[in-house]
2 protein chains.
Amino acid sequence: MKTTVSEKEAVTIGQRNRLQYIILGLLDQRPQTGYDLTKAFDNEIGEFWQAQHSQIYPLLKRLEETGDITHEVTMTGEKLAKKQYQLTPAGHEKLVTWIGEPSPELTALKDEFILKLYFIKTADDPRLQPMLQEQILLHQRQLQHLLHRRETVFADQAAIDQAYGHYLILDHAIEREQHYVQWLERYLTPRKDS
Amino acid sequence: MKTTVSEKEAVTIGQRNRLQYIILGLLDQRPQTGYDLTKAFDNEIGEFWQAQHSQIYPLLKRLEETGDITHEVTMTGEKLAKKQYQLTPAGHEKLVTWIGEPSPELTALKDEFILKLYFIKTADDPRLQPMLQEQILLHQRQLQHLLHRRETVFADQAAIDQAYGHYLILDHAIEREQHYVQWLERYLTPRKDS
DNA sequence: TTAAAACATGTAATTAATTACATGTTTTAA
DNA sequence: TTAAAACATGTAATTAATTACATGTTTTAA
């Protein structure tokens with residue numbers, strides 16, 4: 001099959017590209033700009049997925065080319081053009097289909113501490129206890145952060161009722177950190193000094 | 001600064017490339033081939049990190065170019081040449097340095113189920129309960145798998161004593177799955193039928 | 001009034017990771 | 001004896017993700 005100069009590449013986005021669904025899901029809540037979406041990753045989305053604006057802007061362009069979203073330009077002040085993106089019916093359908101599909105893959109957790117632990121061969125390795133202590137501090141701090149977020153984001157039952165999934169995620173993350181710290185502390189041997 | 005045709009590219013591997021440290025750590029245990037290393041990812045390493053042979057072979061070549069490993073060719077049968085890789089002192093040093101460094105980054109967990117949960121807005125969403133049920137099955141199966149591995153890999157205290165870090169990882173993974181299942185079950189509302 | 005912070009949108013270059021393509025040998029079990 | 005499984009090593013193409021480069025506007029607080 002010959003290709004001609006004028007023939008356009010078919011724009012597709014792989015099913016495994018999860019970022020697209022986050023974008024669709026966020027736009028399903030309300031029309032937003034690329035900048036708004038980027039900020040969402042600094043807040044709640046950031047607890048469980050990471051993305052920079054350099055990934056988001058190109059993907060927005062591609063999602064528009066595949067017909068999942070459209071945009072309208074609105075002006076802020078005299079010169080600043082903002083692109084408000086919104087879902088098309090096709091984009092909404094894609095989101096709903098994805099949520100309805102099974103999620104049979106286990107988390108591929110990439111925890112560098114766990115990786116290092118694997119290469120600690122004996123219980124009396126002098127590096128083990130400092131490593132545990134460092135991780136305890138890290139996860140205690142993360143736990144405090146998550147507890148604080150639950151207090152502020154889900155202060156009343158109404159907040160829980162209208163973002164129930166988000167509440168579940170936060171609840172899960174809090175428990176995970178609590179158990180992580182408990183587990184670390186169990187293998188921490190008390191020091192005698194000072 | 002001008003570059004000439006004969007000038008070679010300096011081969012470097014980024015510090016953030018974690019796979020290199022797994023390879024170094026595995027080779028620290030004993031000299032191995034790329035095939036052996038690949039198999040290690042089907043077994044215990046696979047519980048917490050993934051890599052295919054198409055990633056491993058090129059990285060072995062680069063690690064040799066940076067002077068971290070060397071190889072010897074051994075013959076199996078008449079024609080089959082195997083490359084046995086082993087650490088150089090520099091490679092060993094690199095491994096030890098990495099293990100000794102702080103690990104201040106929290107796990108970036110990429111759990112698709114968690115992602116979907118975020119977009120479930122209310123507790124009575126009909127998709128919620130089937131999603132929870134699916135995940136319970138998935139994590140119960142994973143838990144059984146991990147328990148079975150602990151039984152077989154760490155059957156006696158001697159096995160624990162000589163691969164203590166690995167034991168800790170497995171113990172942690174088991175607890176994580178137990179808590180995950182408990183957490184999922186807490187939000188599962190019992191059905192009345194059948 | 002002005003400097004800093006926040007808002008706003010992109011592209012380029014590089015690196016990491018996955019999937020597919022490619023080929024051949026040795027061992028094991030039927 | 002032979003077919004399948006396991007052993008063994010690579011490259012090519014594509015996609016995802018990160019880091020760096022690039023530029024400009026509006027709002028806020030000193």
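Just so we're on the same page: letters track the sequence lines, and every chain starts at 1.
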Novice: How many Å lie between CD1 on B:Ile56 and C1' on C:dT19, as a whole number?
Specialist: 15 Å
Novice: Under 4.0 Å between a Lys/Arg side-chain N and an Asp/Glu carboxylate O for B:Arg176 and A:Glu177?
Specialist: no
Novice: Could you give the CD-to-C1' distance, from A:Gln50 to D:dA16, as a whole number of Å?
Specialist: 14 Å
Novice: Distance check needed: C:dA16 C1' versus B:Arg18 CZ, whole Å only.
Specialist: 12 Å
Novice: With nearest nucleotides of DNA chain D determined for B:Lys82 and B:Gln55 from heavy-atom distances, which residue corresponds to the more 5′ nucleotide?
Specialist: B:Lys82
Novice: Let me spell it out: for each of A:Gly77 and A:Gln52, pick the nucleotide of DNA chain D with the closest heavy atom. Which residue's pick is nearer the 5' end?
Specialist: A:Gln52
Novice: Round to a whole Å and report the spacing from CG of A:Leu80 to P of D:dT27.
Specialist: 9 Å
Novice: With hydrogens left out and only the distance checked, is there a donor-acceptor pair under 3.5 Å joining A:Ser54's side chain and the base of D:dT19?
Specialist: yes
Novice: How long is the line joining CG of A:Leu59 and C1' of D:dT15, in whole Å?
Specialist: 12 Å
Novice: When the distance from OH of B:Tyr21 to P of C:dA16 is rounded to whole Å, what number comes out?
Specialist: 11 Å
Novice: Nearest heavy atom decides the nucleotide; on that basis, is A:Lys61 or A:Lys39 closer to the 5' end of DNA chain C?
Specialist: A:Lys39
Novice: Look at the side-chain N and O atoms of B:Thr33 and state whether any lies under 4.0 Å from the OP1 or OP2 oxygen of D:dC7.
Specialist: no
Novice: Nearest whole angstrom, please: distance from the P of D:dA6 to the CG of B:Asp42.
Specialist: 11 Å
Novice: Could you tell me how the ring of A:Tyr85 sits relative to the ring of A:His71: parallel (under 30°), tilted (30 to 60°) or perpendicular (over 60°)?
Specialist: tilted
Novice: Please determine, by modelled atom types, if A:His145 and A:Glu47 share a side-chain donor-acceptor pair under 3.5 angstrom.
Specialist: yes
Novice: Should A:Thr76 be listed as having a side-chain N or O under 4.0 Å from OP1 or OP2 of C:dC7?
Specialist: no
Novice: According to a strict under-4.0 Å criterion, is A:Tyr35 in side-chain N/O contact with OP1 or OP2 of C:dT9?
Specialist: no
Novice: Round to a whole Å and report the spacing from CG of B:Leu37 to P of D:dC7.
Specialist: 14 Å
Novice: If you only use heavy atoms from C-beta on, which nucleotide in D:dT9, C:dA17, D:dA17 is closest to the side chain of B:Lys110?
Specialist: D:dA17
Novice: Could you tell me which nucleotide pairs with D:dT23 by Watson-Crick or G-U wobble geometry, both distances under 3.5 Å, or answer none if nothing does?
Specialist: C:dA8
Novice: In the structure shown, which nucleotide is the Watson-Crick or G-U wobble counterpart of C:dA13, with both distances under 3.5 Å?
Specialist: D:dT18
Novice: When the nearest nucleotide of DNA chain C is assigned to A:Tyr57 and to A:Arg16 on a heavy-atom basis, which residue is associated with the more 5' position?
Specialist: A:Tyr57
Novice: Over all strands shown, is B:Arg62 touching base, sugar-phosphate only, or nothing at heavy-atom distances under 4.0 angstrom?
Specialist: sugar-phosphate
Novice: Is B:Glu72 paired with B:Lys83 through a side-chain N to carboxylate O contact shorter than 4.0 Å?
Specialist: no
Novice: When you check the side-chain N and O atoms of B:Trp98 and A:Glu112, is any donor under 3.5 Å from an acceptor?
Specialist: yes
Novice: A side-chain contact here means heavy atoms from C-beta on lying under 4.5 Å apart; do B:Leu27 and B:Leu37 qualify?
Specialist: yes
Novice: Base, sugar-phosphate, or nothing for A:Thr38, non-hydrogen atoms under 4.0 angstrom?
Specialist: nothing
